[in-house]
Trainee: 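Please find one structure pasted underneath; my questions will follow.
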Amino acid sequence: MKIGVLQLDSTIGAFDANRQKLLAAYDQARRLGAEFIIAPELFLCGYPPRDLLLRADFVEANLTALAEAARGIAAVPLCVGYVDWNTARPGRPLHNSAAILRDGGILWRQHKSLLPTYDVFDEDRYFEPGSRVAPFEFKGRKLAITICEDIWNDEDFWPERLYRRDPVKELMTQGADLILNLSASPWHLGKEKTRLAMLQRVAADEGAPLVMANLVGANDELIFDGNSVALNGAGQPVACGRSFAEDVFVADLNPASPVLRHDWPPSEEQLFTALSLGIRDYVQKCRFKSVLVGLSGGIDSALTAVLAVDALSADQVMGVSMPARYSSPGSLTDAEALAKNLGIRYEVLPIEPVFKAVEAQLDKVFSGTKPNEAEENVQSRLRGLTLMALSNKFGSLVLTTGNKSEMAVGYCTLYGDMSGALAVIADVFKTDIYKISRWVNSGARQGAGSKELDLAAPRSRPPALIPEASITKPPSAELRPDQKDQDSLPAYETLDAILQAYVVENLSKDQIILRGFHPAVVNEVINKVTFSEYKRRQAAPGLKVSPRAFGMGRRFPIAQRFRPTR
C-alpha cells in the first residue's frame with residue numbers, strides 16, 4: 001500500500017487556512033499516487049490549543065472545519081486529527097480524535113487512548129481517553145489508527161511505563177497489519193533520535209509497517225520538527241520527511257522498497273534551524289512584520305540577530321545599540337560590524353543623557369548610599385524602555401537576548417533586558433551559545449528560513465557573520481566599571497554543568513556534588529535558581545529546545561521555603 005504523509009504546519013484557531021492547506025496537500029499526495037493519506041494530530045485546530053478547548057464555539061468551529069474538509073475528499077481516504085465531543089458522560093467533555101474522510105463524508109472516528117500530562121503536556125485537563133480501539137479495514141488491510149502518545153508505551157522500549165494500556169498491542173491482537181500514527185510531537189535536542197528508535201522498536205516487535213505523520217512548525221514555546229517517517233516491518237526507514245520544514249511524500253510499503261540511510265545533522269545546526277523556525281512562526285502567526293534586537297556587541301545579541309535574519313530577512317530586522325558611560329568602544333564597533341555583515345538597519349541611541357536625568361531625579365532619595373544594582377539596573381531598564389518605544393512606534397516585536405544560564409540564576413533585569421515578546425535563546429546555555437556561534441561562523445548552511453543567509457560569497461571561505469571579538473571577549477553586562485559576568489557567577493562551563501544536572505536532569509544537591517562540584521558552588525547556584533523564580537514567571541515566552549525548559553513544562557511556586565539540604 002502507498003501511504004501519503006502530510007507533514008504540515010498549522011496555526012491554532014486558523015480553521016480556514018488550516019483546512020485549505022490540508023486539502024492542497026491532500027491533492028498533492030493523491031497526484032503522487034497515495035492510496036491512503038494521513039495528517040498530524042489535531043491539525044485542523046492547531047496544537048496545543050490549551051484553554052481554547054474550554055470554549056464551545058472553538059470546538060464547534062473545529063467540527064465545522066472537519067465537515068468542510070470532508071467535502072473536498074474524494075475516493076482516496078484522508079485521516080486527520082481534530083477535537084470531538086465526548087457524548088458518553090460523565091467524563092471530560094472532549095476527545096482528542098482522528099477522523100477518516102472519504103467521498104465527501106466522515107467514514108470513521110478514533111479517539112486517543114493515552115493522554116500525556118507531564119512536561120509541556122496537559123491533555124488530561126481537557127480530554128477523556130478513548131475506551132476502546134479497533135482497526136479500520138481498507139483494501140483488505142486492517143489499519144491501526146493511533147494518535148501520538150498511543151504509540152509511546154511499548155514495554156520493550158521503556159524501562160518504566162506511564163500507562164497500563166498499550167493501544168498498539170490491543171490493535172495488533174485484533175488483526176491489524178499496518179500501524180498509522182498521527183502526531184504532534186514537540187522537539188528538543190535529541191528527541192528526533194529517541195522518537196525514531198522507539199518507532200523502529202514498535203514496528204520490529206509487531207512485525208508490521210509503521211507510518212508516522214508529525215506536525216512541523218512552532219506554536220508559542222513549542223517547536224515541532226516534522227521528521228515524519230515510514231518504516232517497513234523490520235523497523236527500517238523506507239521514507240522520511242524533512243526536518244523543520246513542511247513536506248508531502250508517499251511511502252511505498254512494498255516489502256521490496258529500498259531502505260534509506262538516516263543521518264542527523266550536528267546539534268549546532270539542529271538548534272539553529274529550530275530556533276529560526278521558532279522565530280519565524282511566532283512572528284508570522286502573531287501577524288507582525290518585523291523585529292527589534294538590542295545589540296550589545298556581545299555574543300548573545302549577535303546570535304539572536306543572526307537567527308532573526310535567517311528566520312525572516314534582513315529588511316525585517318533592526319539592530320539597536322544603546323551605549324552608556326560603561327560601554328566599551330569595542331561593544332559599539334562589534335555591534336556595528338555585525339549589523340553590516342547581516343545587512344540590517346542599525347541605529348545608535350545612547351541612553352547616557354537619560355541615565356543622567358534619572359540619577360538627578362533619584363539623587364536626593366539615594367543620598368548617603370553607595371552605588372549598587374539599583375543604578376546598574378536603571379541602565380538596563382532604560383534600554384528596555386527604548387526598545388519598547390520603538391516597538392510601539394513601528395509595530396515591531398522585541399526579541400530578548402538572555403540565555404538559559406542567565407535566566408536560571410537571575411542574571412537579568414526585570415523590565416530591562418527581559419523586556420520583549422519572545423525569548424529566543426532562553427533555553428540555550430551560554431556554553432552552547434558559543435558552539436552555535438562558531439558553527440555559524442564556520443560557513444555552514446544557515447537553517448531553514450524562508451530567506452536563508454547567502455554565505456556563498458565569491459571567495460574561498462565565507463565571511464564570519466559574528467565578529468570574532470564578540471565570541472572571544474569576556475562576557476559582561478557593562479553596567480559598572482570593568483564588570484565581568486564571572487565577578488558574580490562561576491565559570492560558565494561549571495555553571496552550565498550544574499544547571500544541566502539541577503534544572504534539566506532534576507538531580508539533588510548531593511547527586512550533583514558527587515559529580516565533582518564544590519558544595520559551596522552548588523549551593524550558591526541552587527539558591528540563585530530558587531530565588532529567581534519570580535523573574536522567570538514574568539519573562540517572555542522562550543523557545544523550548546531542551547528536555548526541560550523554563551516555562552510551561554517547569555512549574556515551581558514562587559513563594560516557597562524549601563531548600564535542598566546536605
Side-chain angles (χ1 to χ4, degrees), residues 1-6 22 25-27 29-30 32-44 66-67 69-82 84 87-88 95-114 129-151 153-154 165-183 199 202-213 228-235 238-239 249-257:
M1 184 177 290
K2 294 182 178 180
I3 304 295
V5 177
L6 311 185
L22 178 73
Y26 166 82
D27 287 339
R30 189 175 57 169
L32 292 172
E35 300 172 78
F36 192 95
I37 300 171
I38 60 175
E41 174 185 15
L42 292 186
F43 178 81
L44 282 170
L66 180 69
R71 287 195 282 272
I73 302 304
V76 177
L78 168 69
C79 186
V80 64
Y82 74 105
D84 205 353
T87 57
H95 287 296
N96 181 337
S97 302
I100 297 177
L101 314 179
R102 184 181 183 184
D103 294 327
I106 301 173
L107 192 62
W108 180 270
R109 301 173 194 258
Q110 179 67 63
H111 305 315
K112 188 174 183 177
S113 299
L114 307 183
S131 58
R132 60 178 296 273
V133 293
F136 173 72
E137 297 191 28
F138 178 69
K139 286 192 173 183
R141 305 288 298 268
K142 288 189 174 183
L143 312 184
I145 307 295
T146 61
I147 303 174
C148 205
E149 191 84 353
D150 288 347
I151 210 167
N153 201 38
D154 183 83
R165 293 181 60 191
D166 185 342
V168 174
K169 296 287 187 187
E170 294 174 20
L171 287 159
M172 299 309 291
T173 59
Q174 297 177 63
D177 56 11
L178 173 58
I179 305 168
L180 303 179
N181 186 257
L182 283 61
S183 276
L199 294 173
V202 172
D205 282 355
E206 304 302 338
L210 186 157
V211 183
M212 183 270 293
S228 302
V229 68
L231 307 171
N232 62 23
V238 296
F249 64 93
V250 173
D252 188 347
L253 300 181
N254 186 317
S257 295

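Quick note: numbers below take in every heavy atom, side chains included, and nothing from hydrogens, waters or symmetry partners. Everything quoted here is computed from the prediction, not taken from an experiment.
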Trainee: Any idea which heavy atoms bring Pro129 and His95 closest together, and the distance?
Mentor: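 Heavy atoms of Pro129 and His95 come nearest at O-CE1, 4.0 Å.
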Trainee: In Å, rounded to the nearest 0.5 Å, how long is the span from CD of Glu206 to CD1 of Ile151?
Mentor: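 Glu206 CD to Ile151 CD1: 9.0 Å, rounded to 0.5 Å.
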Trainee: Using the side-chain contact (heavy atoms from CB on, under 4.5 Å) rule, pick out the option among Val202, Leu231, Leu171 that qualifies with Ile179.
Mentor: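 Answer to the side-chain contact (heavy atoms from CB on, under 4.5 Å) test with Ile179 among Val202, Leu231, Leu171: Val202.
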Trainee: Might you point out which heavy atoms bring Ala34 and Val250 nearest each other, and give the distance in Å?
Mentor: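 Shortest heavy-atom separation between Ala34 and Val250 comes out as CB-CG2, 3.9 Å.
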Trainee: Check the angle between the aromatic planes of Phe136 and Phe36 and answer parallel, tilted or perpendicular using the 30° and 60° thresholds.
Mentor: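 Rings of Phe136 and Phe36: tilted, as their planes differ by 30° to 60°.
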Trainee: Nearest heavy-atom pair of Pro135 and Gln174: which atoms, and what distance?
Mentor: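 Here Pro135 and Gln174 meet closest at CD-OE1, 3.5 Å.
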Trainee: Whether the side chain of Ser183 engages the backbone of Ile147 through a donor-acceptor N/O pair (distance < 3.5 Å, no angle test) should be reported.
Mentor: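 No, because the side chain of Ser183 does not come within donor-acceptor range (under 3.5 Å) of the backbone of Ile147.
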Trainee: Would Asp205 and Val168 satisfy side-chain contact (heavy atoms from CB on, under 4.5 Å), going step by step from the backbone distance to the final call?
Mentor: CA-CA 11 Å; Asp205 282 355; Val168 174; over 6 Å; no
Trainee: Who pairs with Asp177 by salt bridge (charged side-chain N to carboxylate O under 4.0 Å, His left out), at least two apart in sequence or on another chain?
Mentor: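 For Asp177 the salt bridge (charged side-chain N to carboxylate O under 4.0 Å, His left out) partners, ignoring immediate neighbours, are Arg141.
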Trainee: Pick from Asn96, Ile106, Leu66: which one makes a side-chain contact (heavy atoms from CB on, under 4.5 Å) with Tyr82?
Mentor: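 The residue from Asn96, Ile106, Leu66 that satisfies side-chain contact (heavy atoms from CB on, under 4.5 Å) with Tyr82 turns out to be Leu66.
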Trainee: Heavy atoms only: give me the nearest Ile145-Ala98 pair and the separation to one decimal.
Mentor: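 It is CG2-CB, 4.2 Å.
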Trainee: Mind running side-chain contact (heavy atoms from CB on, under 4.5 Å) on Leu182 and Cys79 for me, showing each step along the way?
Mentor: CA-CA 8 Å; Leu182 283 61; Cys79 186; 3.9 Å; yes
Trainee: Which residues pass the salt bridge (charged side-chain N to carboxylate O under 4.0 Å, His left out) test with Asp84, sequence neighbours left out?
Mentor: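 Salt bridge (charged side-chain N to carboxylate O under 4.0 Å, His left out) list for Asp84, sorted by chain: Arg109.
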Trainee: Under the side-chain contact (heavy atoms from CB on, under 4.5 Å) criterion, do Val133 and Arg165 qualify, and how do the steps go?
Mentor: CA-CA 11 Å; Val133 293; Arg165 293 181 60 191; 4.2 Å; yes
Trainee: Using the rule side-chain contact (heavy atoms from CB on, under 4.5 Å), only one of Leu6, Leu107, Ile100 pairs with Leu78; which is it?
Mentor: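 So the option named by the test is Leu6.
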Trainee: Donor-acceptor pair, distance only, cut-off 3.5 Å: does the side chain of Arg102 make one with the backbone of Ala75?
Mentor: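 Yes; at least one donor-acceptor contact below 3.5 Å.
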Trainee: Would the distance check show the side chain of Asp150 and the main-chain N or O of Leu114 forming a donor-acceptor pair, the cut-off being under 3.5 Å?
Mentor: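 Side chain of Asp150 to backbone of Leu114, a donor-acceptor pair under 3.5 Å: yes, one is there.
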Trainee: List the steps and the verdict of side-chain contact (heavy atoms from CB on, under 4.5 Å) for His111 and Arg132.
Mentor: CA-CA 8 Å; His111 305 315; Arg132 60 178 296 273; over 6 Å; no
Trainee: State, to 0.1 Å, how close Ala251 and Ala230 come at their nearest heavy-atom pair, and which atoms those are.
Mentor: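 Answer, listing the atom of Ala251 first, then Ala230: CB-CB, 3.3 Å.
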Trainee: Pick one: which of Ile37, Leu143, Leu178, Asp252 meets side-chain contact (heavy atoms from CB on, under 4.5 Å) with Ile3?
Mentor: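 With Ile3 as partner, Ile37, Leu143, Leu178, Asp252 yield a single side-chain contact (heavy atoms from CB on, under 4.5 Å), made by Leu178.
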Trainee: Verify salt bridge (Lys or Arg N to Asp or Glu O under 4.0 Å) between Glu149 and Lys112, making sure each step is shown before the conclusion.
Mentor: CA-CA 8 Å; Glu149 191 84 353; Lys112 188 174 183 177; 5.8 Å; no
Trainee: Looking at every non-hydrogen atom in both residues, tell me the closest pair between Leu101 and Ile73 and how far apart they are.
Mentor: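 The answer is O-CG2, 3.4 Å.
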Trainee: Looking only at atom types and distance, does a side-chain atom of Tyr26 sit under 3.5 Å from a main-chain N or O of Ala39, one as donor and one as acceptor?
Mentor: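 Absent.
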Trainee: Please round to the nearest 0.5 Å and tell me the distance separating atom OG1 of Thr146 and atom CG of Asn181.
Mentor: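 Those atoms lie 3.5 Å apart.
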Trainee: Say you draw a straight line from CG of Leu44 to OG of Ser97; how long is it, rounded to the nearest 0.5 Å?
Mentor: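 Here the rounded value is 11.5 Å.
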